[in-house]
Amino acid sequence: MLLPRLQPPLRAALTSIARSAPSGSQTTCLNDAFAQLAIKSSRRMNGAGVTFVRHASHKAQGAVNKAKDGPGKRLGAKKSGEQYVIPGNIIFRQRGTHWFPGDNCAMGRDHTIYATESGYVKYYKDPEKNPKRQYIGVVFERDQVLPLPRNAMRRRKLNMVAQKREQPKVLVQTDLVMEGDASTGVVLKQKKNKERKGEEGRNLRLRPGYMYRESNWEIGRAAERAQVTVREFKPRDRWTAWRKATIRKAKNAEKRGLGRKIGSKK
Amino acid sequence: MSTSQKAVRPLARCLRSLQSQRQSANNFRTLSSSARCNVEAVVDSTPEKPIFDPETVTSIKGEKALMKSGILPIGSRRRRAAIKSSDNIPFEQLPYLCFQEARKVLQEDREEKLKLIATERLRISNMLARDPSTFKGGVLEKETKLSSMRRYLEWLKIQADINDPLIKKRFEDGEGDMNKPIYRYLADRKWREYQRKIIVQRIEQFGIVPDFLPHFEPTAEVQLAFKNRNVQPGEYIDSRVSEVAPRLKVQVFNKGERLVTVVVIDGDVPDAEKDRFGTRSHFIATDIPLSPTDTSIPLSKVTKEQLVQPWLPPFAQKGSPYHRLAVFVLEQQPGQPKVEAEKWAERDNFFLKSFIGKTRMTPIGFNMFRATWDDGTAGVMERASIEGADIEFKRKKVVALKPKQKARGWEARHASDKYKSLRR
């Protein structure tokens, strides 16, 4: 009684399943079909389910996919032991600190060891300073030995020459100009100060393009030199903006009025 | 602070409080219509200078006025403010049961320690009385035993007082008596907490240890001041400020009077001929008495007998790297022969190491400042009649190892003077 009445909707359901996923035989369990029905509604809500399959052909972990051997970075010793160096000469290039800077040496941003004095390079260990580290130092005489004995005075060089001190010249600037000579009589006149504010002491040089002018960066500083101060712009300061706008509009209106007057007269 | 001021202070405080009471009494309105009895008396009183109490002064003005008169305000400003606002009940009368019980415990402990001290003293006197031949190791063993017993006695003395809240209070207020071992111990501990660390760091940073001395452990605190300019260790000091000799405050933390020598050395004197740095002594004075309570050594007020080399103002010629001026306090051996002024008259190439070796002194304290060329240096050198203010040091040019590369490309084509204007 019940079965025939159930048959039409069931069949419809089964066909729909068969359309979506062709099953092997019609004789799949009715239970399966029901289960699929139940799941299907929920899946539609979530979106299509994705399943990955891992094949054995490609390895993703381990040492397989590491970067290939790149170009050489030319690391290592640039100066050997007892070689003469001057300040700034690179002695050793390295990744990390295989070597540490000893006497008269320093370490750069990328751990490069370079000389700070001219002399002879020494590679040495200093167990009293650090039992594990190895150092690169520079000595002034070739036969000097590093490390220095414990608590011995440091060897230092002045590397300077004594000169007569240059007295800073005191320039007396006057605005007085002498005109004429002995025959006509001398007239002292005050030179008119033509220079505008902020343009004092400009260094005008012939620059590319046959122009006597300052360099661009100096021109850029002109306002600063003239001590022109501009009020800092504050975004969203509507009060100042409104005030400025009204002033501007009033000015424009005035200009326009003047123009008309002039025009009308003509 | 002098002892008389110390003695007078509580009295003055008492009087002041009385005054304030009387004033408050005067403020009452009396019912009688006649004038108050003291109104007439007020007329001739002049506006008196306010008297500041070192225990309660909190204003900067008051502190300065006090310090000008030679009295240091106690503790910190916060502490003084607390004293001002609190009832200042002594510890014995504080109404906190637990506190009083704890005090009792501490007192018991102290009694115990005092007993131990008494027995230790007895043992030491017994040991002193014993004949050294009765020991197995002879005199040496007796001496070592005695010294260890004395050390133990000193430790006991400190342990007897270290937990006393009153002693802690007195020390923090700066009223500790440096003749007593406990205050010396506390001062030493406080110094080692911060100030000594700074000095040790300066010794390391500025290469004082290999350059001036082979090894050095400071045991005394040295503070340096030029007139009213306090010097932090290693600071740059203007040559005009350091023209006059500084004032030292040397605090030693072990008991007894001793004689010290003060040496000021410049360790970076440029020597262009030999292409190296030399040293120069700027000041030497010997036989200066020093004790834990008597700490001030004004170098400008050293007597003629004490002076070996008078103060030479530190100077640094233009261009020369900074000069390290090291101030060393050396402790002399008791009964040491006097340092001959003629023998040590030479200022240049003064080596502290050899000076110490010859005079057999031990360095105890250190402080330093630095000097560079500044606007006043030329004037200072002129006034001290030192030559060489017109000399300037410039870096030696370093000869490159490789020849300069010949210009190539665009640069070579535009090398002639025709294109001079294009060059930078």
Side-chain angles (χ1 to χ4, degrees), chain A residues 78-80 83-91 102-104 114-121 126 128-129 138-141 144 146-168 203-218, chain B residues 203-217 267-279 316-324 349 351-354 373 375 377-378 381 387-402 414 419-424:
Chain A
K78 303 297 161 209
K79 299 279 181 224
S80 60
Q83 204 171 345
Y84 186 77
V85 287
I86 61 166
N89 273 12
I90 289 170
I91 302 170
D103 287 15
N104 303 322
Y114 61 94
T116 55
E117 298 278 342
S118 45
Y120 301 88
V121 177
D126 194 351
E128 266 170 359
K129 215 165 158 193
V138 169
V139 291
F140 301 122
E141 304 299 330
Q144 283 171 345
L146 283 177
L148 284 166
R150 206 179 171 195
N151 299 328
M153 263 177 86
R154 294 181 296 173
R155 294 191 199 112
R156 294 194 297 156
K157 257 191 178 178
L158 182 63
N159 282 334
M160 282 182 162
V161 282
Q163 282 182 356
K164 195 93 178 157
R165 186 158 63 91
E166 294 156 10
Q167 295 285 355
N203 183 21
L204 302 180
R205 285 185 299 144
L206 185 66
R207 300 194 61 83
Y210 297 100
M211 274 194 286
Y212 278 98
R213 62 177 186 88
E214 292 174 295
S215 47
N216 289 339
W217 68 268
E218 280 167 327
Chain B
I203 288 169
E204 200 184 306
Q205 282 174 330
F206 289 108
I208 300 298
V209 150
D211 284 358
F212 290 85
L213 284 172
H215 36 72
F216 176 41
E217 285 288 320
D268 304 286
V269 182
D271 187 350
E273 281 173 24
K274 289 180 182 167
D275 194 18
R276 64 176 177 86
F277 290 94
T279 55
Q317 279 145 320
K318 196 180 180 187
S320 67
Y322 65 74
H323 290 227
R324 296 165 294 166
N349 292 326
F351 288 102
L352 187 65
K353 200 178 155 188
S354 66
W373 171 266
D375 299 337
T377 307
M381 287 171 84
E387 285 177 7
D390 56 341
I391 285 177
E392 183 180 358
F393 285 94
K394 291 224 166 147
R395 273 191 76 89
K396 250 187 210 169
K397 195 161 188 215
V398 182
V399 184
L401 296 179
K402 274 189 211 164
H414 293 76
Y419 302 100
K420 206 172 182 180
S421 63
L422 296 181
R423 274 184 236 146
R424 302 203 167 197

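A note on names: the letters A, B, ... follow the listed sequences, proteins ahead of strands, and every chain is numbered from 1.
For B/Lys394, the parts lying under 4.5 angstrom from a heavy atom of chain A are both the backbone and the side chain. No part of A/Phe140 comes within reach of chain B, as not one of its non-hydrogen atoms sits under 4.5 angstrom from that chain. If you measure heavy-atom distances from A/Glu166 to chain B, the contacts under 4.5 Å come from both the backbone and the side chain. Looking at A/Ala162, the atoms closer than 4.5 Å to chain B (heavy atoms on both sides) sit in the backbone and in the side chain alike.
The environment of CZ in B/Arg395 is sparse: at most 12 heavy-atom neighbours from other residues, nucleotides or ligands sit within 6.0 Å. Within 6.0 Å of atom CZ in A/Arg154, more than 12 heavy atoms from other residues, nucleotides or ligands are found, so the atom counts as buried in its surroundings. No more than 12 heavy atoms of other residues, nucleotides or ligands lie within 6.0 Å of CD in B/Glu387, so this atom counts as exposed by the packing criterion. Atom NZ of A/Lys129 has more than 12 neighbouring heavy atoms from other residues, nucleotides or ligands inside a 6.0 Å radius.
The structure places NZ of A/Lys79 at 6.0 Å from CG of B/Leu401, a figure rounded to the nearest 0.5 Å.
Note on A/Gln167, A/Gln163, A/Met153: by heavy-atom pairs under 4.5 Å with chain B, the leading option is A/Gln163. Interface summary for chain B: among A/Asn89, A/Leu158, A/Asn151, the most heavy-atom pairs under 4.5 angstrom belong to A/Leu158.
Scanning all heavy atoms of the two residues, the minimum distance from A/Ala152 to B/Pro210 falls at O-CB, 3.3 Å. Between B/Val398 and A/Pro87, the closest heavy-atom pair is CG1-CD, 3.8 Å.
Each of A/Lys157, A/Met160, A/Arg156 was evaluated against B/Asp275; a single residue qualifies, A/Lys157, per the side chain to side chain contact (heavy atoms under 4.5 Å, CB included) test.
With hydrogens and angles disregarded, a donor-acceptor distance shorter than 3.5 Å links the side chain of A/Arg165 to the backbone of B/Ala389.
Every residue meeting the salt bridge (charged side-chain N to carboxylate O under 4.0 Å, His left out) condition with B/Glu217, not counting sequence neighbours, appears here in chain and number order: B/Arg196.
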